[in-house]
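Below: the structure, in structure tokens.
In what follows, chains are A, B, ... by sequence order, proteins preceding strands, each numbered from 1.
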Amino acid sequence: MSAQSSVRHRANIALRDDFLRGAVHFTTDRLRNRKQAVTEDFGNWEAWRDRGEAIRRHTIEHLDFYLAQFADNLERLGAHVHFCANANEALAVVTDIVRDKAARRVVKSKSMVTEEVHLNHHLEQLGVQVIETDLGEYIVQLAHETPSHIIIPAIHKTREQIKALFEQDGGQNLTTETRDLVAFARRRLREMYLTADIGITGCNFGIAETGSIALFTNEGNADLVANLPKTHIVFMGMERVLPTLADLEVFAHLLPKSATGQNTITYLSMITGPRRPGDKDGAEEMHVIILDNGRSRQLGDPDFQAVLHCIRCGACLNVCPVYRQIGGHAYGSVYPGPIGAVLSPLLEGGEAYQDLPYASSLCGACYEACPVKIPLHDMLVKERQRFVAKTGGKTGEKAAFAAYRVTFADHRRYLRAIRIARRLQGAFARDGVIQAKIGPLAGWTGARDFPALGDVTFREWWIARKRGTKRG
Amino acid sequence: MDKGAFLANIAARLGREPGSAPAPRDAIGAPAFWADRKTTQEERTATFCARFQALAGEIVQCADEDAVRECLDRALRDLAPGSAGAWGRQAPWPVDVEDVLERWSVRRFGESDVLDIEVGITGASFGVADTGTLVVETGGAAGRTVHQIPLVHLVILRESQIVQSLGDALAQLRGAARDARMPAYVHFISGPSRSSDIENDQTIGVHGPARVICLLLRDRTADVTKTAGDLA
């Protein structure tokens, strides 16, 4: 792994960006505080989490059954269901639909799964114009960037930057007032919805018993994306199923409360197949792409199956002390934060993202925040274990721990080592700390001071004290 | 990938007989302490109004059906939209407002184009007290674009349509799904369209309506205590 592509390198860049750090702190604090307030007001939060966890566990444990039921219902309603093992298969399905419809323009509402398969790039290569319609995603797209937060994608942009981007997209006489900027986006994107050939949305939950797609949005863009163009394509990860409509109530509480601290989402849209005979609006054709892309490898794995319980609320990002410092881009993966650090290497399965599980303090705040109680902090440790077992670990690290074992196993060796170290540190220790970035210590002192050894060790002090007592 | 192979792979990894039905489960839907609450219509209405207004939704209370028509008439006069649209005549209107719609030459879904309307007028199937939500079922003459396109959404709701929980509304939709009558598109609307994507500054009217005005007919006749179980 080259230095440029490491999380450490990207984090160092992020840490020098004062605006980014301020914006990430402000946003995550706000989301976290609002979540705290809304869950206290709601009451019995732990019981709701337990219920959410139980439903997700049951669903994933019987995923083949519920997924089959979901797909059968959709097909009965006239939707086309495509099962795709990986990104390439999903993109091939999209290519076929685009060619079949001779599509020139596609509008999209926010979907992390489409980010995962790099759909926009693929569509552009096919010569199709792709427009993101979620306000934050639209801003990020105009800036040729990727989302930095899974709920608030443009967390890192200032209103001045946004105004400049909108001016490039045809905005005239704009101010930096939010209302002005939003009014421009509304006008601009409305033209796009009305002239698009295909609308692409994600899927927050698929309801097995009815074949419904449940979409959660605040802006209302998903409704226009799904209903105005003639063809609607739904992208969903294969784990995003719930057995019944009754179960949806639980997640209609857990998701918005955890994500943004809203008591309820502004729009919950339930789309059950393409338009029916007699309907005069809505998409005429509906395609549902169900994606595996590394997910099924986690099934049956006692350590990681629960990662498929995730409902993508982003609550773990907002509480993570690492995410709060470095923001989303430093993770270098589609999914940032604790869930990204766990999920990215699992979905990838190869060598990529293996450093992400190390970008964590293992404090467990992510687990406390998770509405379906995924033990993310345990998973991070297990990923590190598997990584070390597979690669054999670093030579230097192994030598250091071998030396540690020898030294600390015998009190005479330990005392001798301390005496030598105390003599050697003289050249580096200042005011009781070592700041020098040298040798094996550099990994630590690069970011914080290392405490110098005291003039007297505890053992020496203890012996001296006992002698003193006897004399006295 | 073939559907059968895709599902067989999942079943194999889970160590399951492909497609075999799961054992019955205890934890379905909301916990009992939530689903079994007993509330009166008066309580449900009060909670709905408070929650809906807290989300920047607007409520106009109407004592009888004439009042609903008068309020709609006044709203159209005050808003003075360049163009207004409404569900078609055959749609499931909670209150008959045909004469008002005619007086204001409101475009009717199914007869005229509604893709550029400034005000959209619809009915609703349910109000949900817990979340301050309007549930709009669409289909046929009840077009979905009527309330998605405009800047102002005027919704007519009867008090007796207000249920306590999302689960109560979902249970009725589930009943409809069993009879294959569930519409292709059901919209749960909790206030105006909003976004905080620009520097966390909350603003309304991003893609959907900036104002949602509920004309609420207070038609409660008796205090009937309902639970989710009764409705299912």
(message) Are there over 12 heavy-atom neighbours, none belonging to A:Glu191, within less than 6.0 Å of that residue's CD?
(response)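 Count over threshold, so yes.
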
Heavy-atom closest contact ([X] atom, [Y] atom, distance):
| X | Y | answer |
| --- | --- | --- |
| A:Glu249 | B:Ser165 | OE2-CB, 3.3 Å |
| A:Trp48 | B:Pro31 | CZ3-CD, 3.6 Å |
| B:Glu199 | A:Thr158 | OE2-CA, 3.2 Å |

(message) Over 60° means perpendicular and under 30° means parallel, so tell me whether B:Trp34 and A:His253 are parallel, tilted or perpendicular.
(response)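 Plane angle over 60°, so perpendicular.
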
(message) Tell me which of these, A:Arg275, A:His58, A:Arg179, A:Glu89, has more heavy-atom pairs under 4.5 Å with chain B than the rest.
(response)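 Option with the greatest count: A:His58.
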
Quick check: does any side chain N or O of [X] sit under 3.5 Å from a backbone N or O of [Y], one acting as donor and the other as acceptor?
| X | Y | value |
| --- | --- | --- |
| A:Arg186 | B:His207 | yes |
| A:Asp279 | B:Gly140 | yes |
| A:Arg51 | B:Gly29 | yes |
| A:Asp64 | B:Pro18 | no |
| A:Asp281 | B:Thr145 | yes |
| A:Arg190 | B:Asp116 | no |

Can you say whether [X] sits under 4.5 Å from chain A via the side chain, the backbone, both, or neither, judging by heavy atoms?
| X | answer |
| --- | --- |
| B:Glu17 | backbone |
| B:Pro183 | backbone |
| B:Thr133 | side chain |
| B:Tyr185 | both |
| B:Ala23 | backbone |
| B:Arg16 | side chain |
| B:Asn9 | side chain |
| B:Leu134 | neither |
| B:Thr131 | both |

(message) Quick check on A:Thr217 against chain B: is it the side chain, the backbone, both or neither that has a heavy atom closer than 4.5 Å?
(response)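 Contact with chain B is absent: no heavy atom of A:Thr217 under 4.5 Å.
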
(request) Indicate whether the side chain of A:Tyr138 and that of B:Asp197 have a donor and an acceptor atom separated by less than 3.5 Å. (result)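 No, B:Asp197 and A:Tyr138 have no side-chain donor paired with an acceptor closer than 3.5 Å.
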
(message) Checking side-chain polar atoms at under 3.5 Å, does A:Asn227 have a donor or acceptor matched by the opposite partner on B:Arg144?
(response)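 Present: a donor and an acceptor within the cut-off.
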
Does the side chain of [Y] come within less than 4.5 Å of [X]'s, by heavy atoms?
| X | Y | result |
| --- | --- | --- |
| B:Met1 | A:Cys84 | no |
| B:Leu55 | A:Thr266 | no |
| A:Asp223 | B:His187 | yes |
| A:Met270 | B:Met182 | yes |

(request) Decide, yes or no, whether a salt bridge links A:Arg159 with B:Asp201 under the criterion of side-chain N to carboxylate O below 4.0 Å. (result)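 Yes, this pair counts.
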
(message) Working note: A:Glu219 + B:Arg194, criterion salt bridge (charged side-chain N to carboxylate O under 4.0 Å, His left out); need CA distance, chi angles, decisive distance, verdict.
(response) CA-CA 5 Å; A:Glu219 298 179 6; B:Arg194 63 182 65 226; over 6 Å; no

